[in-house]
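Okay, so here's the structure we're looking at.
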Amino acid sequence: VEYLEIKNPYNLASYKGEKSSILDIKARDEKGRWYDIEIQVSPQTSYAKRALYYWSKVYTDQLGRGMIYSDLNKTIGINILNFKYFDYPEYHSTFKLFNTKNHAEYPDVLELHFIELEKFDKDLKDISNTLERWVAFLKEAHHYDKRYIPIELGNDEYVKRAIIQLDEMAMTEEEREIYEGQLKLHIDRIEEMNTAREEGREEGKEEGIKQGIEQGIEQGIEQGIEQGERRKAYAIARNLLDVLDIETIALKTGLTKAELLAFKDEQS
């Protein structure tokens, strides 16, 4: 890699916590190809359009003053999703431009990859290539540390280094307790929404689905607020101030906007 930019700097606590877009990276390799890499936690119905939009920004931003179109290099978008998006079982999708009549490929400038972590269900013993090792790591990263690196992943030096790096950015016990509580609420909320969808589908009542989902979300938020003590709410806020807006942090912590603004001034 010749160039690397983390477009929304983060720390491990916010990475482990619950937020919409965890990580957004812009990079360029030794061949001049550009990459836009994003990890997305929360489902978005229009994510494909968003992915294309951010790809286009990286592609068009290549042209500076005095440059010409031939200076544009191939740009690759890599989108790692912690939810199911496409209606087919494959976890890895690749999109390019081509002629609809003869399938001839358009000049090789656009390539979009989508990796849906929830669809990846291979056991570690069945992993056979580099992509599968990275997907297995990303899906279960919170289970690994430098004391526990499965041999199937540890044999890949780059994956091993990633696990060790995450471990060195370890959270405090208080942050870990907060994270585990948030993770449980996140999983419970997904289960509640999935249950509501299934019950609504069986009964043929769309209104039942809508009400079930809304109730599941409301219960998840209420449980999170009740479960969090004041100091834990501030600990979460401290880790999110640099990556999320005040309104979103207020929603996730139960703190008021005024409290968060005052806390932000104290931290600066």
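With rounding to the nearest 0.5 Å, the separation of CG in Asp61 from OG in Ser56 is 8.5 Å. Interatomic distance, Trp34 CH2 to Lys74 NZ, rounded to the nearest 0.5 Å: 16.0 Å. Summarising the geometry, atom OH belonging to Tyr59 is positioned 15.0 Å from atom CG belonging to Asp36; distances are rounded to the nearest 0.5 Å. Rounding to the nearest 0.5 Å gives a distance of 9.5 Å between CD of Glu105 and CG of Leu110. Taking CG of Leu153 as the reference point, atom CH2 of Trp134 lies at 10.0 Å (rounded to 0.5 Å). Going from atom OH of Tyr91 over to atom CD1 of Ile115 covers 7.0 Å, rounded to the nearest 0.5 Å.
In this structure the side chain of Tyr35 never reaches within 4.5 angstrom of the side chain of Val58, judged on heavy atoms. Contact of the Leu72 side chain with the Val109 side chain is not registered, since no non-hydrogen atoms from C-beta on lie closer than 4.5 Å. When side chains are defined from C-beta on, Phe137 does not count as touching Arg133, because their heavy atoms never get closer than 4.5 Å.
The only option from Gln62, Lys57, Arg33 that meets the side-chain contact (heavy atoms from CB on, under 4.5 Å) definition with Thr75 turns out to be Gln62.
Following chains of ILVMFWY side-chain contacts shorter than 4.5 Å, one cannot reach Phe95 starting from Ile76, and the two form parts of different hydrophobic clusters. In this structure, Ile37 is a member of the same hydrophobic cluster as Leu138, with clusters built from ILVMFWY side-chain heavy atoms closer than 4.5 Å. Hydrophobic clustering of Ile, Leu, Val, Met, Phe, Trp and Tyr side chains at less than 4.5 Å, counting indirect connections, unites Ile78 with Val135. No path of Ile, Leu, Val, Met, Phe, Trp and Tyr side chains, each step under 4.5 Å between heavy atoms, connects Phe83 with Phe120, placing them in separate hydrophobic clusters. At a threshold of 4.5 Å between side-chain heavy atoms, the hydrophobic network of Ile, Leu, Val, Met, Phe, Trp and Tyr places Leu112 and Ile80 in two separate groups.
Of all non-hydrogen atoms in Leu124 and Ala136, the two that sit nearest each other are CD2-CB, 4.0 Å. Contact between Lys101 and Asn99 at its shortest, heavy atoms only, is N-OD1, 2.7 Å.
Environment of CG in Asn102: crowded, with over 12 heavy atoms of neighbouring residues, nucleotides or ligands closer than 6.0 Å. Shown here is Lys160, whose NZ atom has no more than 12 heavy atoms of other residues, nucleotides or ligands within 6.0 Å. More than 12 heavy atoms of other residues, nucleotides or ligands lie within 6.0 Å of CZ in Phe86, so this atom counts as buried by the packing criterion.
Using the six-membered ring where Trp is involved, His103 and Phe98 have ring planes that are parallel, under 30° apart on the 30 and 60° scheme.
At least one donor-acceptor pair closer than 3.5 Å links the side chain of Asn79 to the backbone N or O of His113. Judged purely by atom type and a 3.5 angstrom limit, Asn129 uses its side chain to pair as donor or acceptor with the backbone of Leu131. Side chain of Lys119 to backbone of Tyr88: a donor-acceptor contact under 3.5 angstrom is found. Lys122 places no side-chain N or O within 3.5 Å of a backbone atom of Glu132 that could act as its donor or acceptor partner.
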Derivation and outcome, side chain to side chain contact (heavy atoms under 4.5 Å, CB included), residues Tyr106 and Lys96: CA-CA 8 Å; Tyr106 194 79; Lys96 295 184 177 183; over 6 Å; no
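Side-chain atoms of Glu90 and His92 include no donor-acceptor pair closer than 3.5 Å.
Scanning for ring pair (Phe, Tyr, Trp, His ring centres under 6.0 Å) contacts around Tyr85 gives an empty result, with sequence neighbours left out.
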